[in-house]
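Convention: sequence-line order gives letters A, B, ...; per-chain numbering from 1. We use all heavy atoms of the structure for the numbers below, so side chains are in, but hydrogens, waters and symmetry mates are not.
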There are 2 protein chains.
Amino acid sequence: MAQDRPYSALIDRLKTAGLRPTRQRLALAKVLFCQGNRHLTAEQLHAEAAMERVPVSLATVYNALHRFTGAGLLREVVVEPGRSYFDTNVDDHHHFFHEASGRLEDIPGDRLGLKGVPDAPPGTRVARVDVIIRLSQDEN
Amino acid sequence: MAQDRPYSALIDRLKTAGLRPTRQRLALAKVLFCQGNRHLTAEQLHAEAAMERVPVSLATVYNALHRFTGAGLLREVVVEPGRSYFDTNVDDHHHFFHEASGRLEDIPGDRLGLKGVPDAPPGTRVARVDVIIRLSQDEN
DNA sequence: CAATATATTAGAATGATTCTAATGTATTGT
DNA sequence: ACAATACATTAGAATCATTCTAATATATTG
C-alpha cells in the first residue's frame, strides 16, 4: 500500500481512463488512491497536495476532480449545501454523514438495501440511488 | 385550498411555531403552504413572492427559510452542490431528483423503505435518513 | 523533433449564501 | 393606548466554493 516512488500503477490507471498522467494528476491520484477509501473536498485535496510539496493550483484540483469523476475513478457526493465531497470508492455503497464534524464515512458491507423502490417516472431512468444516514452527537 | 384573504390559519401556524407573523413571513408562508407540497430554492421563493406583489428582500427569504426549518415547518434537502431546496412536506418521505431539470419530487406512498439499516456508530445517533433517487432522461 | 492536442495556472468572475448594522414593526406590561 | 423592549427586515458588503478565461507549459503523435 502507498508505495512511494514507482508511480507506474497510477500512471496506468490514469492512462486506462484516458487521462494524461501529468505531474499534478499523479500527485493528486497518489493522495486519493493510495490511502484506502477517502472522502475529500477540493480544498482538502488541495491542502494535502501542498503538504506533499507538489504545488497544484486550486483550478487544477477542480479540473482533475471532475475529469477523474467523469472517467469513473471518483464519485461526487453531495450532503451539505455549498460543498462537494469526492469519494474514491466507486462501488455501489452508501454513507454515514457526521453532521457535527462534516465527516463522510462509508457504510460497511452490503447489508443496507432498499425495498419497494418505485419505478422511474415515464421518460426517465434511475441514474443512481443515494442513501445518506445523517448522524448527530449522541448526548447521553 | 389557497384561500386568498383570511390569513388566520397561517398566522396561527406561525404563532404556534413561535414565529412572529409579519407581513413578509405571511406572504412567504402563503406561497409555501397553500399550494400543496413544494420544493423551492431561496431564489424561486423570492421570485414567487415578488410576483405576489409583496416585496421581500432576499435576506429575509433566507432568514425565513431557516427559521421555518428550525421550527419544523420546512425541511432542507441537498441534492446539488451550490443550492438548497426547501421541502414543505416534513413527513418521513424520500425524493426523486430530475437531474436534467433540477426538479425535486416526492416519492409517493410509503412503500419505499430501507432494510439492513446499520446501527449508528458509537457516540452518535441517527438524525435522519435521506434517500435520493436520481433520474436522468431516458433516451429511447 | 516539430506539430498538435491537451493541461496548468493566476486571477477574475460568478452565484448562492451569510453577515452587518441601521431602520422598522410586533409584542409586552402597565 | 403607549412606552419599552424584543425581534424582523433590509440594502449592501462580505464570504465561500466553484467556474471561467486566456495565456503559458507540457505531453503525445507522427
Inset, instruction - Quickly work out the A:E43 CD to D:dT19 C1' distance and round it to whole Å. - result: 13 Å
Inset, instruction - Decide yes or no on side-chain contact (heavy atoms from CB on, under 4.5 Å) for A:T88 and A:L74, but give the supporting numbers first. - result: CA-CA 5 Å; A:T88 60; A:L74 290 176; 3.8 Å; yes
Inset, instruction - Give a yes or no on whether A:V77 and B:V78 share a hydrophobic cluster (residues Ile, Leu, Val, Met, Phe, Trp, Tyr; joining criterion: side-chain heavy atoms under 4.5 Å apart). - result: no
Legend entry - Passing candidate, side-chain contact (heavy atoms from CB on, under 4.5 Å) with B:H39, options B:D106, B:N89, B:V79: B:D106
Inset, instruction - Establish whether A:L114 and A:I132 are linked, either directly or via other cluster members, by ILVMFWY side-chain heavy-atom contacts under 4.5 Å. - result: no
Legend entry - Nearest-nucleotide pick for A:A59, side chain only, options being C:dT18, C:dT9, C:dT27: C:dT9
Inset, instruction - Identify the heavy atoms of B:I107 and A:P118 that sit nearest to each other, and give their distance. - result: CG2-CG, 3.7 Å
Inset, instruction - Using whole Å, report how far CG of A:L58 lies from P of D:dT18. - result: 9 Å
Inset, instruction - May I have the distance from B:L65 (atom CG) to C:dT18 (atom C1'), rounded to whole angstrom? - result: 13 Å
Inset, instruction - Return the 5'-most residue of the pair B:P21, B:Y62 with respect to DNA chain C, ranking by each residue's nearest nucleotide. - result: B:Y62
Inset, instruction - Mind running side-chain contact (heavy atoms from CB on, under 4.5 Å) on B:L14 and B:L73 for me, showing each step along the way? - result: CA-CA 9 Å; B:L14 293 181; B:L73 300 179; 4.1 Å; yes
Inset, instruction - Name the orientation class of the two ring planes belonging to A:Y62 and A:H66 (parallel below 30°, tilted from 30 to 60°, perpendicular beyond 60°). - result: tilted
Inset, instruction - Identify whether any heavy atom of B:H46 sits under 4.0 Å from a base atom; if not, whether one sits that close to sugar-phosphate; answer base, sugar-phosphate or nothing. - result: nothing
Inset, instruction - Take nucleotides 1-9 of chain D nucleotide by nucleotide from the 5' end and write B, S or -, depending on whether a protein heavy atom sits under 4.0 Å from the base, only from the sugar-phosphate, or from neither. - result: -----BBSB
Inset, instruction - Taking A:R125 for its side chain and B:E139 for its backbone only, find out whether a donor-acceptor pair lies under 3.5 Å. - result: no
Inset, instruction - Report, as yes or no, whether the 6.0 Å neighbourhood of atom CZ on A:R134 holds more than 12 heavy atoms from other residues, nucleotides or ligands. - result: yes
Inset, instruction - Determine whether more than 12 heavy atoms belonging to other residues, nucleotides or ligands lie under 6.0 Å from atom CG of B:D110. - result: no
Inset, instruction - Provide, to the nearest angstrom, the distance between the CD1 atom belonging to A:I11 and the P atom belonging to D:dA27. - result: 11 Å
Legend entry - Net bend of the helix from C:dC1-D:dG30 to C:dT30-D:dA1, end axes of five pairs each, nearest 10 degrees: 40°
Legend entry - Within residues 74-87 of chain B, residues whose heavy atoms come under 4.0 Å of DNA chain C: B:G82, B:R83, B:S84
Inset, instruction - Assess whether atom CD of B:Q137 is packed by more than 12 heavy atoms of other residues, nucleotides or ligands within 6.0 Å. - result: no
Inset, instruction - Could you say whether A:V61 or B:H66 is positioned toward the 5' end of DNA chain C, judged by the nucleotide with the nearest heavy atom to each? - result: A:V61
